[in-house]
Engineer: 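Encoded as structure tokens, here's the structure I'll be asking about.
In the text below, chain A, chain B and the rest are named by the order of the sequence lines, each starting its count at 1. Computed from a predicted model, the values in this text were never measured in an experiment.
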Amino acid sequence: MRLTALFLFCFCLQVSARVNSQEVSYKVKNGTLENVLNEFKKQTGYLFIYNDKDMQKSVPVTVELKKIRIADALREVFSKQPLDYIIKGRTVVVEAQLDAGKAIAFPINATADVALPVDTIRGTVTDSLGNPLARATVAVAGTQKAVQTDATGEFSISAKGSDVLVFSSIGYEEKRMNANSVPSRVKLSTRIEKLEEVQVEVGYGRVRKQDITGAVSTVKMQDLQNIPVTRVDQMLAGRIAGAEFMSVDGAPGSGTTVRIRGTRSISASNEPLYVVDGVIDGINNLNDLNPSDIAGISVLKDASSTAIYGSRGANGVIIITTKMGKDLGGKTNFNLKTSLGFAEQPSYLPLMGATEYAQMLNDNFYLTSAANATQPLENYPFPDPLSLGKGSDWQRAITRRAPFANVSFTASGGSKTTRYFFSGSYDNDQGVILNSSMRRFLFRLNLDQTLSKYAKAGVRLSYSNTKQEQPMRYLGAYNNWSVSPTMVAPIVPIYNEDGSLNSWNSQNYSGGVSDLPLFDATLRKNTTNTGTNNAMIYLDIQPINDLVLHSSLSYSNSGINQDVLIPATMPSRGTAGDAIAKNVNKNDNLLNENTISYKHAFHDTHHLNAMYGFTVQQQNFNAISITGSGYYDDNTALWDIGSIPNKANLGVSGSKQIQTRMSHLARVNYDYNQKYYLTATVRKDGASNFAADNKWAYFPSAAIRWNMLKEKFMKNVNLDEFAIRLSAGTSGNDAIARYQSLDRLSSTTTGYLFGGTQPVAFYPSNIANDGLKWEKTTSYNLGVDLSLFNKRLDVTLEVYKSYTSDLLLSVQLPTQTGFSSRLMNFGKTSNKGIELTVNYDVIRSRNFSWSTSLTAAHDKQMVDDIGLVGRVVTNTLSYGASYMINGYLKGYPVNAAFGFRYAGVWHNQAEIDQDKKDKKYVSSVYAPGRQRYIDQNHDGVLNADDDIYLGNADPAVYGGWQNTLRYKKLFLSVYFNYSLGGVIYFPAGNFLGNASNLTTGFEYMVNRWQPVRNPDGDLPRPTSQDNIPSDRFLYDASFLRLKAASIGYTFDLTKITGSKLKSLALSLNGSNLFLLKNYIGYDPEVNTSGTSSTLRRIDNGSYPPNRTITFTAEIKF
Amino acid sequence: MKRIKIFSISLLVVIALCISGCSKFLDETPLSFTSAKTFYKTEAEAQSALNACYIKLNNIYDGVNGGLICATEYTSDLAYLNAGSVDQTFAISAGNPGFGANIWSNAYNAIMTCNATIAGIQNSTTIPEAKKPALIGEAATLRAMYYYILTSMFGDVPFYTRDASASFDVLVQVAQLGRMPAAATRDSLIADLQKWAPGLSQAKSSAISNNRVGAAVAYMLIGKMALWNKEWDVCIGAMQKLKGIYGDLSQYPLTDTWFRNKNKPESIFEIQFSGILKTSTTATQLEPPRATGTAVYDGVTVTELGSTATVYTAVTPTNYFMSLYDTTDPRRNTNLAYTYNGTWFTRPASNNHTGKPWPGPKFWCPNMSLAQDNNNQKVFRYADALLMLAEAANETGDQATAMDAINQVKARAKASFVLVNYPGHDAFLTELKKERARELFGEHGRKWDLVRWGDFYNAVSATSAIEIPIIGTNLRPYHEYYPIPQAEIDRSNGVLKNDAYNQ
């Protein structure tokens, strides 16, 4: 509630920041332009920028305006002026009309063959305010000839009178004019990214933003700069309404799990499709991408946009395009950026110290037998608990403040025919847990070459090499309690007296040694080295104006090598010696896509854009894994695999899988006068991983858009954009493993011992399914695009509903069949939701600007039908009765959480006896101080009937809030993301919250029931671990996070360095700076079940997302 | 325009080629696994499918909470283990089925594998018919073993011998099977075993290479199931076959019964383990507690056990079990440990040497590394067969056979233990039950014997339940069988039930 209130408050603030009127009323006869503009400023709050010289050219104004929109008023006022104006939000820039304006249309008059005398043309290039622009380029179009302006903006270039000169400078609109009509001062106006020009990737093509018929979100790349994380997905959380990004883990280089418009599938993947530069499956994971190489990100959400990806589109599509070079007239822009900083653990679990823990064990002793209660204190396990103090702080012992470093370099540029973008970067990202780290090299070359009037070709080459060090750690993972740094008791010493690491966990039963946390963190090696090559070549042929043939061929291969070493010095390796495991995966992807598109305007009002395409894809997956143990030398064991003393200890396995796909796709875009739009797509997909007769399927969609503002009746409506979109379509999900429809006889060489050896054994592991087919999602989307106040406020609202059927579901079979499950098409789910995106330029003035954007999304996902079984259990505690914690039950949310209702403890035997009659509560152990739960059906038996629905793990609303402020060259960017509602289960509470004597406990357990000290307490007595999931360990998952903040200043170095350097930007950046949560674990925005299709918000020992602070310097030259 | 033509034509050619090759392009040809349709070409392939039929034995005999030994031995009148698991305290329920869930899924997975293997061999056109009976018989014997475990654990269970991996229709039929009366299941299995046993190796199990099962195991299973079904003659028939193979018990030394002594001649069936390739953790609960970093076990240095063993809370014998032994019975100091090399352990020495002994050296694993028990698990051996023969013969009134069989076992322990005169049917049976306890403790069968005799509830109530209050509180007559796990009941849509547990 607190969070909701805060949000509402913030949102109100923004809305109330809207100022003044948009209309003016003014009457004047022969007034000065300056006075008129001043009056407009008063009435509207608009800011007018002009210089006095230009104002002198103005002519007297005579107007009579009555409640006229400012834009129209300006049009009228300036209609007779020799001046131009540009509206940028709430700022109007006035500047002199160019004399050359008319000359631009000239070349028809000039006879190209006539050699005109060469002349030296001199002048000064300035910005729109008349300030000289240094290092602006002046080039003769169509030649290699180009010069740069000096520090005072002056240039001289020799050109023929008939030549066209091109004036350009970064950040300014390019200007072209005839050489013989160049004025002495050439003004370049600031480049304004007009909405009309924003092209959005929609898959196999781009469209202008205002022509989009489907639900497509884009991300403002400038908001993503300077965030100190290494993966682009880590930056995206909350920026796209309806896309939920969640860390798998906070370890360096760890992935993110993404849901676009929620979860649909149960057994097939729910992760979206990534398309990078048009290549499907081109990246092995997002670690392969340098965030600063990215030019744009589009997220396709509704079926009308995703259907073009057919079978791959049901989970949404994230299209990433990398940067291209620009025509800088042969110049190259260089950019060198370096960041240095550190990462730290943002919080620690509130656990008991040694004193509290010893007191708990004393309590346990007291309760163990009636006789103990009267024993003297000396006989207790800990006669003096206070002397123990805090004891071992395992959490802090294995964490550290870890350095973070990044260097990246880009060079981009080009000429009219060749454009290039080159980048390289190096990251060294150390983890907050000892010895965890990621090091990464990335290189990219994007090259585009115009071959002729008809043809253009290009390549995209990239290479990435990532090395991750991930020693084992079990943070709060309940099934490794004896070695988890959040679980090992504080009375267990970290070091022996001689300074060596202690391997004895006194609470872990008796006997053996334990690999206590520091052993795992310091001795164990777990290195994953991934190298990925991507190469894509394309050819565009435009034989006639309206027709483009595009063909691309891409090949990527990645090698993933995992090397695990548990050295012989590890306590658990005792006499067995060291152990190694090596996994070598080599995957590749060959994709050929061919499209032919035709674009034509008929009578200027009918616009048609049609496309047909054909694609073929083949992926190979090769894997080899090797295990061995008992080597003589830990150092060479991983590589000199053959030196194994006993061959029986060497295990090998391997596999090869091939997946092929083939598709035909077609799309027609039509609009009438940019008022009515229609898009229709169809894709026919064939994929190898379905049953022989079900390999092909069709995925159609259609969408309309109505730009209402173009209607006559909307003429007087004071809006900049108002459009309604409606779409419907079907897309599919093929994200299941390969060969699932075939029967399978698997082999193993780690089976039964025959004469001391393990000969190969073959056993049935999958039963054929001739009916295996696509999972289909049909969805409907209604969208509204609204733009107000001169496009300063943009609002997009989407409402959708989708139905998924033929779920690819691992149907749980009665185990008596010998199989526990079988992949089938069974069951139905549905999603509905609403998404809101608001972008608002609160202040746009010359020296100060503030823009803010907010996203909010709600998604409700339900299980409509689950077929044969009634329920599909997806998560239980691995101890005890394994009651359902998460599962699919008809009529309940997809990510429902289940458990028992906690009802405190039995305070005395009388309560237990009374309840035998009342049957209000059930318990796994009926004893004073033990937990009791609500007996839902009053049958007096603790069983699955009392395991009820407790809440939905999905949030009610989630999103983000970005603010960017700029004062002159100082900028501040602050980004929050939030999630409201939803629950998260803390499984380790089974130990930490049940006063287990095996592990430490939460600090709050000092308030446990105790017959003398706290007879009314409602927390269980010591050693009450009952393995029953209950609402006591279910927490509100709401949070508000200051996800990223950045403050920086840009120095203009042009003048100081005589144009040798352009600028230096310094910034201080932080990520995950602040987290407001109700959850007891480290962070509610994690999911240790990784990209599991079914489980969201599972925290079984997640590596906490760290807080990173960096200082960044970026130099441009 | 010429360009367009060339490009279009070539594009069309590419497309046409692709489409014509379509059907093949999208075909799936597995490269890293095979299919039953193409397998079973040779005897070697059949042999490797048979290998898979054994795999789950490891899971069953070393599972969570100590494996089958816990579910059969530490929950009997002879011993208990007070370490908190639901199996040990009789807190099992359908919702919390303890080790039952493990047995259920592993045994049925193995049965499916056995059925598929039998079908695969039967359907093979390239394996010589003469070779088939031995191969099929081996799989059928293992299948009977798994059903024997299931019926002993759960009572009535679904029974099928069809190949559920062959088609979905069969799978669905199997999925809908309910409980079948255990006696009928056993009769069906006995008949099947009687069919295959003659085709299997008639040698002692220890003489069959690579520890594979032979006729001896089949006869043993026939005998066990016949006893459950009180078909005494069937049992006697099978035991006589074993007598023919194994001869006189006196030739086999008693020390061969120790778990560390693997695959000795007396052995009929052992589950193979090794310290590295297949480890069990059974011994961790069958050794005295060890002091940190030393080889001192409950006050006594036991050099053979070494200083690296992991030991958990140990199994405790009941007073009843302790009382069964004559102090001169060599099996007393094999099954129980009061002393080591003449030195008393601290616990048994307490209260004037009346304290509880530890589990004896029969179960210890010398020089165990951590929790990696290197011992085999003993399942069937010849002394067991003789006691079965004695029991069945006593029921049919064949006193001479009964007396000879029981006395072979007694005499091996100590010559003076033999019964001189037949004491009458009931007294003989009582003595036989005690003798089985003395001889076979820890060999995965005590609880099943109690259930078979109808003694389970009374015997445990009078022993463990008195010593351990929680067992006294929890124990119910229906605990003689494990409940079918709730998950299975859910999956079967209610076809499977636990009537006894729902009272």
Engineer: Checking heavy atoms, do the side chain of L171(B), its backbone, both or neither come under 4.5 Å from chain A?
Structural biologist: both
Engineer: Can you find a side-chain donor-acceptor pair between S35(B) and D743(A) that sits under 3.5 Å?
Structural biologist: yes
Engineer: Are Y61(B) and F273(B) an aromatic pair by the rule of ring centers under 6.0 Å?
Structural biologist: no
Engineer: Tell me, for S93(B) versus chain A, whether the close heavy atoms (under 4.5 Å) come from the side chain, the backbone, both or neither.
Structural biologist: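 Neither part, no heavy atoms under 4.5 Å.
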Engineer: Heavy atoms only, distances under 4.5 angstrom: which of S924(A), S741(A), P571(A), S820(A) has the most pairs with chain B? Name it, please.
Structural biologist: S820(A)
Engineer: Taking the six-membered ring of Y739(A), is NZ or CZ of R744(A) closer than 6.0 Å to its centre and within 45° of its axis?
Structural biologist: no
Engineer: Can you tell me which portion of A692(A) sits under 4.5 Å from chain B's heavy atoms? Options are side chain, backbone, both or neither.
Structural biologist: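 Neither part.
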Engineer: Heavy-atom pairs under 4.5 Å with chain B - which of Y752(A), Y883(A), Y763(A), F819(A) has more of them than the others?
Structural biologist: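 Most heavy-atom pairs within the cutoff with chain B belong to Y752(A).
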Engineer: Would you mind checking which part of Q758(A) comes under 4.5 Å of any heavy atom in chain B, side chain (CB onward), backbone (N, CA, C, O), both or neither?
Structural biologist: side chain
Engineer: Counting only non-hydrogen atoms closer than 4.5 Å, does Q617(A) touch chain B with its backbone (N, CA, C, O), its side chain (CB onward), both, or neither?
Structural biologist: backbone
Engineer: Is it the side chain or the backbone of Y160(B) that comes within 4.5 Å of chain A heavy atoms, both, or neither?
Structural biologist: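 Side chain only.
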Engineer: Under the criterion side-chain hydrogen bond (donor to acceptor under 3.5 Å, both in side chains), I'd like the reasoning laid out for N263(B) against S206(B): C-alpha separation, chi angles, the key distance, then a yes or no.
Structural biologist: CA-CA 5 Å; N263(B) 308 315; S206(B) 57; over 6 Å; no
Engineer: Of the backbone (N, CA, C, O) and the side chain (C-beta and beyond), which part of T473(B) lies under 4.5 Å from a heavy atom of chain A, both, or neither?
Structural biologist: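 No part of it gets close to chain A.
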Engineer: Quick check on N689(A) against chain B: is it the side chain, the backbone, both or neither that has a heavy atom closer than 4.5 Å?
Structural biologist: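 Answer is both: backbone and side chain atoms of N689(A) are under 4.5 Å from chain B.
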Engineer: Please identify, among S688(A), G751(A), S765(A), the residue contributing the most non-hydrogen atom pairs under 4.5 Å to chain B.
Structural biologist: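 Of S688(A), G751(A), S765(A), S688(A) has the most heavy-atom pairs under 4.5 Å with chain B.
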Engineer: Heavy-atom cut-off 4.5 Å, strictly under: side chain, backbone, both or neither for R661(A) against chain B?
Structural biologist: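 Backbone only.
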Engineer: Name the region of L753(A), side chain, backbone, both or neither, that has any atom closer than 4.5 Å to a heavy atom of chain B.
Structural biologist: both
Engineer: Let me know if T29(B) has heavy atoms under 4.5 Å from chain A in its side chain, its backbone, both or neither.
Structural biologist: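 When you check distances to chain A, only backbone atoms of T29(B) fall under 4.5 Å.
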Engineer: Establish, from distance only, whether the side-chain atoms of T308(B) and S369(B) form a donor-acceptor pair under 3.5 Å.
Structural biologist: no
Engineer: Which bit of A116(B) is near chain A, if near means a heavy-atom gap under 4.5 Å: side chain, backbone, both or neither?
Structural biologist: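 For A116(B), the side chain is the part near chain A, not the backbone.
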Engineer: Identify the two heavy atoms, one from G756(A) and one from L277(B), that lie closest to each other, and give their separation to 0.1 Å.
Structural biologist: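 Nearest heavy atoms, G756(A) then L277(B): O-CD1, 3.7 Å.
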Engineer: Side chain, backbone, both or neither: which part of E488(B) has a heavy atom under 4.5 Å from chain A?
Structural biologist: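 For E488(B), the side chain is the part near chain A, not the backbone.
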Engineer: V170(B) and A164(B): which non-hydrogen atoms are nearest, and at how many Å?
Structural biologist: CG1-CA, 3.8 Å
Engineer: Heavy-atom distances under 4.5 Å only: say whether L57(B) touches chain A with side chain, backbone, both or neither.
Structural biologist: side chain
Engineer: Between P30(B) and chain A, with a heavy-atom cut-off of 4.5 Å, which part of the residue counts as in contact: side chain, backbone, both or neither?
Structural biologist: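 For P30(B), heavy atoms of backbone and side chain both lie under 4.5 Å from chain A.
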Engineer: At a 4.5 Å cut-off on heavy atoms, which part of S655(A) comes close to chain B: side chain, backbone, both, or neither?
Structural biologist: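 Both parts, heavy atoms under 4.5 Å.
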Engineer: For I271(B), is it the side chain, the backbone, both, or neither that has a heavy atom closer than 4.5 Å to a heavy atom of chain A?
Structural biologist: both
Engineer: Count the heavy atoms of every other residue, nucleotide or ligand shown that sit under 6.0 Å from CG of L31(B), and state whether that count exceeds 12.
Structural biologist: yes
Engineer: Might you work through the side-chain hydrogen bond (donor to acceptor under 3.5 Å, both in side chains) test for N1027(A) and Q1025(A), ending with a clear yes or no?
Structural biologist: CA-CA 6 Å; N1027(A) 307 317; Q1025(A) 191 201 340; 3.0 Å; yes
Engineer: Determine the minimum heavy-atom distance between P289(B) and V311(B), stating which atoms define it.
Structural biologist: CA-CG2, 3.9 Å
Engineer: Does the separation of the ring centres of F614(A) and Y612(A) fall below 6.0 angstrom?
Structural biologist: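 Ring centroids of F614(A) and Y612(A) are no less than 6.0 Å from each other.
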Engineer: Need one label for S572(A): side chain, backbone, both or neither, based on atoms under 4.5 Å from any heavy atom in chain B.
Structural biologist: both
Engineer: Which bit of A687(A) is near chain B, if near means a heavy-atom gap under 4.5 Å: side chain, backbone, both or neither?
Structural biologist: backbone
Engineer: For the residue pair N620(A) and N622(A), confirm or rule out a side-chain donor-acceptor distance under 3.5 Å.
Structural biologist: no
Engineer: Which pair of non-hydrogen atoms, one from Y147(B) and one from P158(B), has the smallest distance, and what is that distance?
Structural biologist: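 Distance-wise, the nearest heavy atoms are CE2-O, 3.6 Å.
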